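The block underneath contains the structure these notes are about, expressed in structure tokens.
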Amino acid sequence: MLTVENTIKWLDLFADKVAAEKDYLSELDQAIGDGDHGANMSRGTAAMKEALGKQNFGTVQDVLKTAAMSLLSKIGGASGPLYGSALIGMAKEAGNADTDLTSIVQAGADGIQKRGKAEPGDKTMVDVWLTVLHALKEGKLTDAVIDQAVQATAPLKAKKGRASYLGDRSVGHIDPGAMSSGYLFKCLIAGGIL
Amino acid sequence: MLTVENTIKWLDLFADKVAAEKDYLSELDQAIGDGDHGANMSRGTAAMKEALGKQNFGTVQDVLKTAAMSLLSKIGGASGPLYGSALIGMAKEAGNADTDLTSIVQAGADGIQKRGKAEPGDKTMVDVWLTVLHALKEGKLTDAVIDQAVQATAPLKAKKGRASYLGDRSVGHIDPGAMSSGYLFKCLIAGGIL
Amino acid sequence: MKKIINKPEDVVDEMLDGLVFTSASLIRRLPGTNVILRKQKSEGKVAVVSGGGSGHEPTHAGFVGSGMLAAAVCGPVFTSPTPDQIAAAIKEANQGAGVLLVIKNYSGDIMNFEMAEDLASMDHIEVKHIVVDDDIAVEDSTYTAGKRGVAGTILVHKMMGAAAEAGLSLNELKDLGDQVISSIKTIGVALSAGTVPESGKPGFVLKDNEMEYGVGIHGEPGYRREPIKSSKEIAKELTDKLRDAFKWNASDRYAILVNGLGATPLMEQYIFANDVSEILTKDKIELPFRKVGSYMTSLDMAGISLTLFHLKQDQWLDWLNVPVETTAW
Amino acid sequence: MKKIINKPEDVVDEMLDGLVFTSASLIRRLPGTNVILRKQKSEGKVAVVSGGGSGHEPTHAGFVGSGMLAAAVCGPVFTSPTPDQIAAAIKEANQGAGVLLVIKNYSGDIMNFEMAEDLASMDHIEVKHIVVDDDIAVEDSTYTAGKRGVAGTILVHKMMGAAAEAGLSLNELKDLGDQVISSIKTIGVALSAGTVPESGKPGFVLKDNEMEYGVGIHGEPGYRREPIKSSKEIAKELTDKLRDAFKWNASDRYAILVNGLGATPLMEQYIFANDVSEILTKDKIELPFRKVGSYMTSLDMAGISLTLFHLKQDQWLDWLNVPVETTAW
Ligand SMILES: Nc1ncnc2c1ncn2[C@@H]1O[C@H](COP(=O)(O)OP(=O)(O)O)[C@@H](O)[C@H]1O
Ligand SMILES: Nc1ncnc2c1ncn2[C@@H]1O[C@H](COP(=O)(O)OP(=O)(O)O)[C@@H](O)[C@H]1O
Ligand SMILES: [Mg+2]
Ligand SMILES: [Mg+2]
Ligand SMILES: [Mg+2]
Ligand SMILES: [Mg+2]
């Protein structure tokens, strides 16, 4: 179950991972987007980590809300509102008394889909979120499942976001947002929250 | 002495020579100017040749005046008004009853100097005109004298025209206007007018 | 990369200060943000607010001023600004009659602007938006993000600014905006890519003799790459595409915008405009409004775009023509 | 060479047609010439006529219009127009009060314009001229052709146009022009050369990391070549040169023009303007008139120039500010 402490730990791990993989994320975006996904995400997650370190939080909702606002006001581009909406949705759900991790991730995925209108198979971060959600429900979330979900975006043709302008030329490349979302969930496992 | 026929012949030969050496003149200008002397001169002398072929002329003055107007209205840049002024001066002098070739060339050189204010040694076409004039007066104008006058501009530092912006870097290059003026006087010899 | 800049990460901040320095009588910067506001207020009028990534100068901030934009929100180079900045612009720009957002059709822009709209509604500010998607280079289909917003956006800014100043309500403006946008189409050609300062490398590479039709203003791919053609041939290709899209008739009235993409000098823009005018004259199209210049650029991209705007109402032409006080119109 | 043109020898002719197409309500082309005339006449006022080689767009023809130039004579690329064309412009532009010629200090320009003056005097038109030599990059000495005329020329056009419209006589205008010109100084930096269409090759070659201070608008050599510096460092170098030349005091009033040389986008121009403004603010110089944009270009040269104009009289500032109707001011 999410607690104030492990949620902060989770998001800090995510920020570190994004910082470490900044260039790789931008490289993925160079191939089928505009090459800024690493810069965007690291700008946002660095601000998030700083904000989380500055305050004492009473509830998981507060942690997630603060994280959401940092991402929203620092990332920009497409991924900013998407991660922001995910975390706002998760924060709302975390406020419910009888919630659980699956419901919180469900709320995050709903937030992304409501904001971005992408369907599974459109070659976006949604593909990772929905696969992860499914695995969570079945109690089968592992690093391997996440890796596979990320890799599975490669053969798809993009139908949302900048990559969609490439049409068939987007085929054969991993979606950068899927990769960064993969990091988020791997950090959930690495943080020992499952 | 200049006649209507040999003046036209002279100027036609000059036009042909400039057309043949267009690229070379521009190359000289590339080194210490803006690389258009060949284009400028051939635009002007081609128009001059055409104008001279279209009309019957009664006097040498008319020939030179028509030539002057063609050069003036087609060359542009620095060399246009200089050659134009030379030929206007020559046309005026040709109208005098007791004129001769030396006086006519003198009037041409005066026109250039009045227009461009260059002194001998400034590394311009003036250097060639004045050397030729001197040789004419002494009855000693030859191809060798002309060649030498043209070559003598190379070691000079330019003090007029675009080449003067180069300062010392203009040293070691033949002045393009000196070269084209050299052609003019070589054609005088080739035309059998001396 | 050779650019007259300082640190690549500071380009937007320093550029905005330079712009405000230049047009200090017209505009100001909202402290702590990348929002440019106009100084002269129009009380009781709808405020038109635009924005997006930077790198398209003079768009967007160059069009802030009376009769045109009330505010521009300037994101990082080629990256949408964030909802908090947009919300701050909405709040400052609002003159009591609501705010119309002009958004270019990019996923990032739409999502950030829509979130800002949500934030503003919590402050009880009435906000509506229109989405410019004038680039006919890529096929429009429900399976893609749709057409992109490019140079035609500046005509939308002008129309909305003039109509807002004329007193239209927010609902009327939104309706007008939708009609105007569906009457504007653009298509472009690139000779070389722009270089984002932070990446230091050109967005794509064209060979010494190559050009590409249909490239977007962030270097998005176009529809055909081929050896460089003459201005006349390029004019034919682009007007053919526009003719197909508009299906115009003789004596239809259009506004024309020939737009340089950043590194292409005016000489080439005028030569191209001349070739386009010859074709449109043959088609007997009337062009009562004409504009040539670098208005919607892509950093130092070399290339040109052609925009036509079908003037379905006489009023529209008046609104294009009414004088404004901006840095760049 | 990659350019959006047709035949290189037709660029000026086609460009002028494109310009007239764009600004058809303001200007017209004198048939059979490369002279652009303004449509609105100012009877009884001195006509201000400028011109020179093409390739500097929007200079010169972009400044033809009421309140500014009466006519512009456009030569081949980087080559002075011929006396007959200039004389035709003088004749058409004259409104009975004489004609003031604005000449940039190049041997070719001066000689062609002076010959045109001689021709016009045969038609009994009173003509005077002023010579702009604002480029302080090369040393001025009696042993050279002197300083070159560059971007400051557009401020001279503006001043002369406004003063002519205000009714100054030809003699008064000539005196004013001489005073104004001695109060304007410019210095520039190039990052890459422009390419003359007919030659197809860049006028000079700078390495990938090189820039050159003091290059002229036809690619004339500057005074120092070195590895590319930051905008702040370039701003310091250029303002240092201008400070030396003007020897200004705190609270002196100047107009400032930051000018792009053709291929340099506005983003860089604004960043540079911001850096210059910081230096001049430290010097306590007042800058009541500010302009940033690509006004005096050198085809597709990348680079920037900085012009300062010492506003010795309040009237001068008013003349800079009075509105005009032109394509490009
Ligand atoms: N409509 C959408 N729905 C879900 N995800 C999207 C959508 N549009 C884009 N994305 C995600 O955003 C990622 C790109 O983010 P980023 O590069 O930061 O923004 P931008 O595309 O504005 O440069 C894509 O890889 C994709 O996963
Ligand atoms: N003031 C002057 N007096 C005499 N000759 C000059 C003067 N200025 C330039 N020239 C001559 O003109 C030549 C250059 O002509 P051209 O290249 O056609 O004109 P531009 O310099 O305008 O491009 C020089 O080589 C020089 O001989
Ligand atoms: Mg991206
Ligand atoms: Mg030359
Ligand atoms: Mg982006
Ligand atoms: Mg020349």
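Predicted model only: the values in this text are computed from it and were never measured. To find a chain, count down the sequence lines: A is the first, B the second, and so on, and within it residues start at 1.
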_Can you confirm whether D/Asn209 is buried at CG, in the sense that more than 12 heavy atoms of other residues, nucleotides or ligands lie under 6.0 Å from that atom?_
yes
*asked:* Tell me whether D/Thr79 contacts the main-chain N or O of D/Gly75 through its side chain, where contact means a donor paired with an acceptor under 3.5 Å.
replied: no
*asked:* Which one wins on heavy-atom pair count under 4.5 Å against chain C: D/Asp208, D/Ile256, D/Leu191, D/Val20?
replied: D/Leu191
*Would you name the heavy atoms of C/Ala61 and C/Cys74 that are closest together and state the gap between them?*
CB-SG, 4.1 Å
*Residue pair C/Thr186 / C/Leu242: nearest heavy atoms and the distance that separates them*: N-CD2, 4.2 Å
_Partner chain C: residue of D/Glu210, D/Met211, D/Glu278 with the largest heavy-atom pair count (under 4.5 Å)_ = D/Glu210
*Region of D/Val77 in contact with chain C, defined by heavy-atom distances below 4.5 Å*: side chain
*Side chains of C/Ile304 and C/Leu261 in contact at under 4.5 Å (non-hydrogen atoms)*: no
_Just so I understand: if I count every heavy-atom pair under 4.5 Å between each of C/His56, C/Glu14, C/Lys7 and chain D, which residue has the most?_
C/Glu14
*Identify the heavy atoms of C/Ser231 and C/Phe272 that sit nearest to each other, and give their distance.*
OG-CA, 3.3 Å
*Drop me the distance from D/Tyr295's OH to D/Asn259's CG, to the nearest 0.5 angstrom.*
9.0 Å
*If you take all heavy atoms of C/Met68 and C/Ile154, which pair is closest and at what distance?*
CE-O, 3.9 Å
*Closest heavy-atom contact between C/Ala263 and C/Pro265?*
O-CD, 3.4 Å
*Do side-chain atoms of C/Ser23 reach the backbone of C/Leu26 as a donor and acceptor pair under 3.5 angstrom?*
no
*Which residues pass the side-chain hydrogen bond (donor to acceptor under 3.5 Å, both in side chains) test with C/Glu212, sequence neighbours left out?*
C/Arg225
*Under a 4.5 Å cut-off applied to non-hydrogen side-chain atoms, are C/Tyr213 and C/Glu226 in contact?*
yes
*Just give me the residue among C/Asn6, C/Thr22, C/Ile271 that pairs up with chain D most often, heavy atom to heavy atom, under 4.5 Å.*
C/Asn6
*So does D/Lys236 have more than 12 non-hydrogen atoms from other groups sitting under 6.0 Å from NZ?*
no
*asked:* At a heavy-atom distance under 4.5 Å, which candidate from C/Met15, C/Lys2, C/Glu57 has the highest pair count against chain D?
replied: C/Lys2
*So which bits of residues 320-329 of chain D come within less than 4.5 Å of chain C, counting non-hydrogen atoms only?*
D/Thr327
*Heavy atoms only, distances under 4.5 angstrom: which of C/Asp17, C/Ile228, C/Ile234 has the most pairs with chain D? Name it, please.*
C/Asp17
*Short side-chain to backbone donor-acceptor contact, D/Thr264 and D/Gly303, under 3.5 Å*: yes
*chain D: which of C/Ile5, C/Leu266, C/Asp300, C/Asp13 shares the most heavy-atom pairs with it under 4.5 Å?*
C/Ile5
*Report yes if some heavy atom in the side chain of C/Leu16 is under 4.5 Å from a heavy atom in the side chain of C/Ile36; otherwise report no.*
yes
_Do D/Thr239 and D/Leu280 have side chains that approach each other closer than 4.5 Å (heavy atoms only, starting at C-beta)?_
yes
*Part of D/Thr297 lying under 4.5 Å from any heavy atom of chain C*: neither
*Taking D/Met301, D/Gln269, D/Lys232 one by one, which has the highest count of heavy-atom pairs under 4.5 Å against chain C?*
D/Lys232
*asked:* Quick check: under 4.5 Å, non-hydrogen atoms only, which of residues 200-207 of chain C neighbour chain D?
replied: C/Leu206, C/Lys207
_Is it the case that the side chain of C/Gln40 and the backbone of C/Ser66 share a donor-acceptor pair, with hydrogens and angles ignored and the cut-off at 3.5 Å?_
no
*Test item: D/His157 and D/His60 side chains (from C-beta on) under 4.5 Å apart, heavy atoms*: yes
*Can you name the nearest heavy-atom pair linking C/Leu311 to C/Tyr254, along with the distance?*
CD1-C, 3.7 Å
*Name the region of D/Asp275, side chain, backbone, both or neither, that has any atom closer than 4.5 Å to a heavy atom of chain C.*
side chain
*asked:* Non-hydrogen contacts under 4.5 angstrom with chain D: give the residues of residues 283-294 of chain C involved, or none if there are none.
replied: C/Leu287, C/Arg290, C/Lys291, C/Val292
*chain D contacts, top residue of C/Gly262, C/Ser277, C/Ala273, C/Ala302 (heavy-atom pairs, under 4.5 Å)*: C/Ser277
